[in-house]
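Below, chains carry the letters A, B, ... as their sequence lines are ordered, and counting in each starts from 1.
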Number of protein chains: 2
Amino acid sequence: MKLSTRGRYGLKAMFDLALNYGDGPISLTSIAERQAISVNYLEQLISPLRKAGLVESVRGAQGGYMLAKGPTEITVGVILTTLEGPLAPTDCVVMDTEEEVCDHSRYCVTKVIYEKIYESITSVVNSITLQHMIDDYQTNQESLIISSICECK
Amino acid sequence: MKLSTRGRYGLKAMFDLALNYGDGPISLTSIAERQAISVNYLEQLISPLRKAGLVESVRGAQGGYMLAKGPTEITVGVILTTLEGPLAPTDCVVMDTEEEVCDHSRYCVTKVIYEKIYESITSVVNSITLQHMIDDYQTNQESLIISSICECK
DNA sequence: TTAAATCCTAGTTTTTTACTAAGAAATCAT
DNA sequence: ATGATTTCTTAGTAAAAAACTAGGATTTAA
């Protein structure tokens, strides 16, 4: 039940972009440096975020990335699901009825549990925006508590 | 963010034992057959459940396993965490302060998110007992809806 | 024209998952 | 007693997924 580095690094990068929102394009090199992530790997993560319409890119020298919308409009949920797929504990809770593998799935006592887990996760991540993270970051900086992003792998 | 087969198969097996609660020892062979799981693999899953005090075993012929407590006393949460470890989206939210890897972790904007996810998952799974699953199963059987456990892998 | 950047894809290493296999120990039934 | 049945334990293995690395093509500001 762990998030992979895709989701974690991607969220870090998006938070970085959010902190620099309005400052023009930010290069992946600078993000990678600040967040201690490989540039090549970050490139692979930013690609789906761009295709999902969450970031815009400017190519060429002095180019980079910027949020495609304001930080209030981008949730942690959309970032994580773009990079990780649905935040569901099993595949069966997100399967189309078409591809049902399971005869008994009309009603399944374990499936209802997995659905509840899925809903609770979704509810949390969809309720948090990048702006919330920024606010959180700034209030804690003001009160002299060191606030940042973990270096946790 | 998926559960592994350890958690899913283990939960199936525990539900199976719960349905047979009070009937004496149930062999793994019969559980494995009903739930379509390899016996050898199930043995590896039941072992930690026994060590966690959730099931008791009777060795020898006509032996098997049974719940060590009533179905009202065993939560989905304790089953899943026994088999999967903490249901946390990252390691950092469950680490002891001793083993903090991360300098900035006194306050971390992403960590607080992961903690919220962790709490919401924990809250769901800890609120559901095997008895709830049995009740759920039986009410849906009565109303002529086929109720069972998925064959989902 | 050059340097800096995105963009794209293929490949590789490492880790984890999901088992398989096999044998020892215990115990019931005959 | 003996054999069948079952738990118990550990070692090994195959497949899949994760986590990158590498490199080249394209774009564009200076």
Side-chain angles (χ1 to χ4, degrees), chain A residues 1-13 16-17 20 23-33 35-68 80 83-86 89-91 152-153, chain B residues 1-13 17 20 23-33 35-68 80 83-85 89-91 152-153:
Chain A
M1 281 291 278
K2 296 279 180 286
L3 283 172
S4 71
T5 54
R6 289 176 64 85
R8 301 204 310 278
Y9 292 179
L11 183 56
K12 278 184 168 199
D16 195 300
L17 285 179
N20 294 290
D23 299 348
I26 308 293
S27 76
L28 277 195
T29 314
S30 67
I31 298 177
E33 208 164 280
Q35 309 299 337
I37 305 172
S38 132
V39 182
N40 277 329
Y41 192 40
L42 241 194
E43 278 175 351
Q44 292 180 11
L45 307 185
I46 204 91
S47 170
L49 294 170
R50 185 174 58 81
K51 284 167 185 161
L54 301 179
V55 300
E56 281 171 359
S57 63
V58 177
R59 301 187 68 170
Q62 267 60 46
Y65 294 89
M66 44 205 172
L67 296 187
L80 292 182
L83 292 166
E84 301 261 347
T90 60
D91 285 330
C152 294
K153 267 283 179 179
Chain B
M1 282 290 282
K2 296 278 180 288
L3 282 172
S4 72
T5 54
R6 289 177 62 86
R8 301 203 310 277
Y9 291 179
L11 183 55
K12 278 184 167 196
L17 285 179
N20 293 291
D23 300 347
I26 309 294
S27 76
L28 277 195
T29 314
S30 68
I31 298 178
E33 207 163 281
Q35 308 300 338
I37 305 172
S38 134
V39 182
N40 278 330
Y41 193 38
L42 241 195
E43 278 175 350
Q44 294 180 11
L45 307 185
I46 204 93
S47 171
L49 293 169
R50 185 174 56 81
K51 284 167 184 161
L54 302 178
V55 300
E56 281 171 359
S57 64
V58 176
R59 300 186 69 168
Q62 268 60 49
Y65 294 88
M66 44 205 172
L67 296 188
L80 292 181
L83 291 166
E84 301 261 347
T90 59
D91 286 329
C152 293
K153 266 283 180 178

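Atom CD1 of B:I26 is separated from atom P of D:dT5 by 18 Å (rounded to the nearest Å). Taking atom CG of A:L42 as the reference point, atom P of D:dA19 lies 14 Å away to the nearest angstrom. In this structure, OH of A:Y9 is placed 8 Å from P of D:dA19, rounded to the nearest angstrom. One can place CD of A:E43 at 16 Å from P of D:dT26, the figure rounded to the nearest angstrom. D:dA4 atom P lies 14 Å from atom CD of B:Q62, rounded to whole Å. The CG-C1' distance, from B:L83 to C:dC19, rounds to 15 Å in whole Å. Here the P atom of nucleotide C:dT15 and the NZ atom of A:K2 are 17 Å apart, to the nearest Å.
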Filtered N/O pairs between nucleotides 24-26 of chain C and protein, under 3.5 Å:
from, atom 1, to, atom 2, distance (Å)
C:dA25, N3, B:R59, NH2, 3.3

Might you list the N or O atoms of the protein lying below 3.5 Å from N or O atoms in nucleotides 11-18 of chain D, with each pair's distance?
from, atom 1, to, atom 2, distance (Å)
D:dA11, N6, B:Q44, NE2, 3.1

May I have the list of side-chain donor-acceptor pairs in residues 54-61 of chain B shorter than 3.5 Å, sequence neighbours left out?
none

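Between the OH atom in A:Y41 and the OG1 atom in A:T5 there is a gap of 3.0 Å [rounded to 0.5 Å]. For the atom pair B:L17 CG and B:I31 CD1, the distance stands at 4.0 Å (nearest 0.5 Å). Annotation: the span from B:I26 atom CD1 to B:M66 atom CE amounts to 9.5 Å, rounded to 0.5 Å. The structure places CG of B:L45 at 11.5 Å from CG of B:L11, a figure rounded to the nearest 0.5 Å. The distance from atom OG of A:S27 to atom CD of A:E33, rounded to the nearest 0.5 Å, is 8.5 Å. Taken from CZ in B:R8 to CD in B:E84, the straight-line distance is 8.5 Å, to the nearest 0.5 Å.
Take A:S47 and apply the side-chain hydrogen bond (donor to acceptor under 3.5 Å, both in side chains) test, not counting sequence neighbours, and it matches A:K51. Not counting sequence neighbours, B:T29 has no partner by the side-chain hydrogen bond (donor to acceptor under 3.5 Å, both in side chains) test. Taking the side-chain contact (heavy atoms from CB on, under 4.5 Å) definition, one finds that B:E43 meets it with B:L28, B:V39, B:N40, sequence neighbours left out.
Contact check of residues 45-52 of chain A against DNA chain C (heavy atom, cut-off under 4.0 Å) returns A:R50.
Under 4.0 angstrom from either OP1 or OP2 of D:dC8 there lies at least one side-chain N or O belonging to B:Y65. At the phosphate of D:dT6, neither OP1 nor OP2 sits under 4.0 Å from any side-chain N or O atom of B:S57.
Nearest heavy atom pair, residue B:Q62 against residue B:P25, reads O-CG, 3.7 Å.
Residue-to-nucleotide proximity on DNA chain C shows that, of A:G63 and B:V58, the 5′-proximal contact is made by A:G63. Taking the nucleotide of DNA chain D with the nearest heavy atom to each of A:L3 and A:N40, the more 5' of the two is matched to A:L3.
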